Amino acid sequence: MKITSKTLMVGFETEVKLGNNDAIELTLLHSAFISENKDGSISVDIELGIDVTDVKFLGIEVDSSYNGYKQFKANLKELGINLDELIDEKEKELANSKLEDKLTLMFRDKI
């Protein structure tokens with residue numbers, strides 16, 4: 001057997017607060033694929049916002065089922081709050097936080 005490449009998949013999460021006065025709290029689940037290139041360098045491919053868990057609105061837990069979360073988003077939309085846009089903004093902040101560099105340093109020796 002000859003190993004020709006190695007990739008490490010890492011799941012991680014971030015707890016975020018969204019909206020005015022941080023009224024919405026939730027956990028975003030992400031994954032990263034960390035690979036060793038033939039020249040010895042490390043590549044990181046990040047997938048942000050794969051799933052959402054532990055949603056709270058004004059400190060009250062929101063039904064975490066698919067339909068419950070879908071209804072919550074629809075209720076917010078009726079109030080003029082687009083939850084998907086708020087989550088996208090947080091993901092952009094995370095993407096611009098040098099996350100790839102942090103993951104490369106953290107897992108360089110694991111590959």
Side-chain angles (χ1 to χ4, degrees):
M1 173 173 66
K2 180 180 179 184
I3 297 174
T4 58
S5 66
K6 297 185 274 184
T7 300
L8 175 66
M9 180 184 165
V10 177
F12 62 103
E13 58 188 42
T14 52
E15 294 178 3
V16 297
K17 295 181 180 184
L18 307 169
N20 292 337
N21 301 317
D22 297 332
I24 305 165
E25 300 174 47
L26 51 86
T27 302
L28 294 173
L29 305 177
H30 320 284
S31 66
F33 299 89
I34 305 158
S35 304
E36 180 181 46
N37 300 319
K38 291 185 180 192
D39 65 0
S41 63
I42 303 292
S43 295
V44 178
D45 182 29
I46 300 172
E47 293 184 27
L48 297 174
I50 293 174
D51 202 0
V52 176
T53 62
D54 304 325
V55 181
K56 293 181 183 174
F57 182 68
L58 298 174
I60 300 168
E61 286 192 38
V62 173
D63 180 6
S64 62
S65 69
Y66 173 78
N67 288 330
Y69 180 66
K70 184 177 171 182
Q71 183 62 45
F72 174 66
K73 284 179 30 173
N75 291 342
L76 287 177
K77 191 90 162 184
E78 288 179 18
L79 296 172
I81 301 168
N82 187 326
L83 184 58
D84 290 330
E85 286 179 3
L86 293 173
I87 290 172
D88 287 346
E89 289 174 16
K90 282 295 180 180
E91 289 174 352
K92 286 177 187 173
E93 287 176 23
L94 188 59
N96 293 329
S97 68
K98 299 190 184 230
L99 184 58
E100 289 180 17
D101 295 340
K102 293 174 188 174
L103 289 168
T104 298
L105 290 173
M106 196 178 300
F107 294 102
R108 176 177 287 281
D109 297 332
K110 305 289 189 252
I111 297 181

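From a predicted model like this one, the values you see are computed outputs, not experimental measurements.
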Where do Glu93 and Lys90 land on the salt bridge (Lys or Arg N to Asp or Glu O under 4.0 Å) test, with the steps shown first?
CA-CA 5 Å; Glu93 287 176 23; Lys90 282 295 180 180; 3.7 Å; yes
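- To the nearest 0.5 Å, atom CD1 of residue Ile50 and atom CG of residue Leu29 are 7.5 Å apart.
- Counting heavy atoms from C-beta on, the side chains of Leu26 and Ile87 come closer than 4.5 Å.
- In this structure the side chain of Thr104 never reaches within 4.5 angstrom of the side chain of Ile34, judged on heavy atoms.
- Glu25 CD to Leu58 CG: the interatomic distance, rounded to the nearest 0.5 Å, is 9.0 Å.
- A distance of 11.5 Å separates CD1 in Ile24 from NZ in Lys73, rounded to the nearest 0.5 Å.
- In this structure, the separation between CG on Asn75 and CG on Leu83 is 11.5 Å, given to the nearest 0.5 Å.
- Remark: the Asn67 side chain and the Gln71 side chain contain no N/O donor-acceptor pair separated by less than 3.5 Å.
- Criterion: ILVMFWY side-chain heavy atoms under 4.5 Å apart, direct or through other members. Under it, Leu94 and Leu18 are not part of a common hydrophobic cluster.
- Evaluation of the ring-ring contact (aromatic ring centres under 6.0 Å, His included) rule for Phe12 yields His30 as partners, not counting sequence neighbours.
- Counting heavy atoms from C-beta on, the side chains of Leu99 and Leu48 come closer than 4.5 Å.
- In this structure, Ser43 and Asn37 approach most closely via the heavy-atom pair OG-ND2, 2.8 Å.
- Between the side chain of Asn21 and the backbone N or O of Ala23 there is no donor-acceptor pair closer than 3.5 Å.
- Counting heavy-atom neighbours within 6.0 Å of Asp22 CG, excluding the residue itself, gives a total above 12.
- Among residue pairs with one or both ends in residues 36-65, those qualifying as salt bridge (Lys or Arg N to Asp or Glu O under 4.0 Å) are Lys6-Glu36; sequence neighbours excluded.
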